[in-house]
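First comes the structure, then the notes that go with it.
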Number of protein chains: 2
Amino acid sequence: MSQSAITPGGTSSSDADRGETNSERAGLDLDASLGYLLKQAASVLHTAMDAVLRPLGMTITHYACLELLAQRPGLSNSDLARGTFVTRQSMNTLLRAMERDGLVSRPAQPPVGRILPAELTELGHRQLATASAAVKTVELRMRSKLDAEQQSELRHHLRSSIDALTE
Amino acid sequence: MSQSAITPGGTSSSDADRGETNSERAGLDLDASLGYLLKQAASVLHTAMDAVLRPLGMTITHYACLELLAQRPGLSNSDLARGTFVTRQSMNTLLRAMERDGLVSRPAQPPVGRILPAELTELGHRQLATASAAVKTVELRMRSKLDAEQQSELRHHLRSSIDALTE
DNA sequence: GATTCTATGTCAGAATACTGACATGAGTCA
DNA sequence: TGACTCATGTCAGTATTCTGACATAGAATC
């Protein structure tokens, strides 16, 4: 998938510039739109992560699930769904596949209520180690043009945006 | 869909705190991970936009397509795909549906090469006007906790991240 | 002018995530 | 105790997007 956004000068690919004098409308100005920029950033990140994860036979959600379980063993299916920003139905499908593949284990019977706490198997931990290293290079690459303070600012502002949209 | 991420204190929902003393691992620390924060922000934004767009009978990509075409009439299918961060195959499907619904028009024959320049119909413009107003409230809400300078910083840092991951 | 490369539009099939719905277990409150 | 509310796990069906592949038009190279 291409990554180029629509910019005032045209896309980065070879489009024969159907030259438009932009901005002159009631709607959103794409360049000023934080939402658009955010979507673009997320898209670029998605592509970059997919590029390193796919050769390992994993999807991004697959990796995120491993990462979450390593940091917090015993998370439930619903917990994992929230943590990876998908529905619990989607996570259920994924989790079952991962269980089948021996990456994750869950007790046959729920210890309490209906919750089945999931844990990484030895194989799961090994697969995560590989993936984690790959993903870390992407994370570092993404930060490479920001100094420590700028990264801190970015995190802070991102959190503010999330808060504003959440409450 | 729930929006809560996995935070040190547990999710925002009522999970009986399977208390884990976090961070102590080789992998990524979720809180320090820009990537995770970015994904969360994008997810929250997606949900918020979907919430206002769905009642209007539109998806986010649908809206994005309208917005792009209004600002730059004559964009091709591939241009629109790049601008909305989906594949050109996906955009092709959407565009055809929008054409069928009378929101977009394309010439029967390509004026040059294989490119079919798309334009908004009168109905398309009207639908966009409604959607645009709704989306603007989301954009404003997202910015509500950031002053002008902070918004500028956020945009700048986001662009830096995109650049770093793109080149 | 012929060849090569790149971009486009499109068809077909697969993967992924979503919505809707249901029953169950736990907590709340009268 | 019983009614009510909420969260969970899961089944079923749908929607959206993706990957792979193909033919074609224009640009670039020689």
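Proteins get letters first, then strands, A, B, ... in listed order; numbering begins at 1 in each. Side chains are part of it too, since the values below use all heavy atoms of this structure and drop only hydrogens, waters and symmetry mates.
For the OP1/OP2 pair of D:dT17 and a distance below 4.0 Å, the side-chain nitrogens and oxygens of B:Thr87 include no atom meeting the criterion. Between A:Arg106 and D:dT10 there is a side-chain N or O to OP1 or OP2 distance below 4.0 Å. Within the structure, a side-chain polar atom (N or O) of B:Arg82 is placed less than 4.0 Å from OP1 or OP2 of C:dT8.
Remark: the B:Gln89 side chain and the C:dG13 base include no donor-acceptor N/O pair separated by less than 3.5 Å.
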Inset, instruction - Test B:Arg106 against B:Asn77 for side chain to side chain contact (heavy atoms under 4.5 Å, CB included), laying out the working first. - result: CA-CA 10 Å; B:Arg106 285 189 292 181; B:Asn77 175 54; 4.2 Å; yes
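Per the geometry, NE2 belonging to A:His62 stands 16 Å off P belonging to C:dA15, to the nearest Å. The separation between A:Ile60 atom CD1 and D:dC18 atom C1' is 13 Å, rounded to whole Å. If you take NE2 of A:His46 and P of C:dA15, they are 16 Å apart, rounded to a whole angstrom. The nearest whole Å value for the distance from the CD1 atom in B:Ile115 to the P atom in C:dT6 is 17 Å. As a whole-Å value, the separation of B:Leu53 CG from D:dT16 P is 13 Å. For the pair A:Leu80 CG and D:dT10 C1', the computed distance is 16 Å after rounding to whole Å.
In terms of position on DNA chain D, the residue among A:Asp50 and A:Arg88 whose nearest nucleotide sits closer to the 5' end is A:Arg88.
A donor atom on one side chain and an acceptor atom on the other are found under 3.5 Å apart for B:Ser90 and B:Thr87. Of the N and O atoms on the side chains of B:Asp79 and B:Ser76, at least one donor lies less than 3.5 Å from an acceptor on the other residue. A donor atom on one side chain and an acceptor atom on the other are not found under 3.5 Å apart for B:Glu153 and A:His156. Side chains of B:Asn92 and B:Arg88: no donor on one and acceptor on the other come within 3.5 Å. In this structure, a donor-acceptor pair under 3.5 Å is absent between the side chains of B:Gln40 and B:Tyr36.
Both B:Leu56 and B:Leu69 sit in one connected hydrophobic cluster of ILVMFWY residues. Membership requires side-chain heavy atoms under 4.5 Å apart, directly or through other members. A continuous path of hydrophobic side-chain contacts links A:Leu53 to A:Leu123 [ILVMFWY only; heavy atoms under 4.5 Å].
Out of C:dA17, C:dT10, D:dG9, the shortest distance to the side chain of A:Ser76 is found at D:dG9. Nearest to the side-chain atoms of A:Arg54 among the listed nucleotides C:dT8, C:dG9, D:dT19 stands D:dT19.
Residue A:Glu139 is tested with A:Arg143, A:Lys136, A:Arg141 for a salt bridge (charged side-chain N to carboxylate O under 4.0 Å, His left out); the sole match is A:Arg143.
Backbone-only contact: A:Ser78 has heavy atoms under 4.0 Å from sugar-phosphate atoms and none from a base.
A salt bridge links A:Glu167 with B:Lys145: the closest approach of a Lys/Arg side-chain nitrogen to an acidic carboxylate oxygen falls below 4.0 angstrom.
The shortest non-hydrogen separation linking A:Leu154 to B:Ser161 is CD2-OG, 3.8 Å.
Within residues 91-105 of chain A, the residues that place at least one heavy atom under 4.0 Å from DNA chain D are, in residue-number order, A:Asn92, A:Arg96.
Inter-axis angle, ends of the helix from C:dG1-D:dC30 to C:dA30-D:dT1, five pairs per end, rounded to 10 degrees: 40°.
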Pick out the pairs of N or O atoms, protein on one side and nucleotides 23-25 of chain D on the other, that lie under 3.5 Å.
from   : atom 1 : to       : atom 2 : distance (Å)
D:dA23 : N3     : B:Arg114 : NH1    : 3.1
D:dT24 : O2     : B:Arg114 : NH1    : 3.2

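Interatomic distance, CD1 of B:Ile162 versus NE2 of B:His157, reported as 13.0 Å (0.5 Å rounding).
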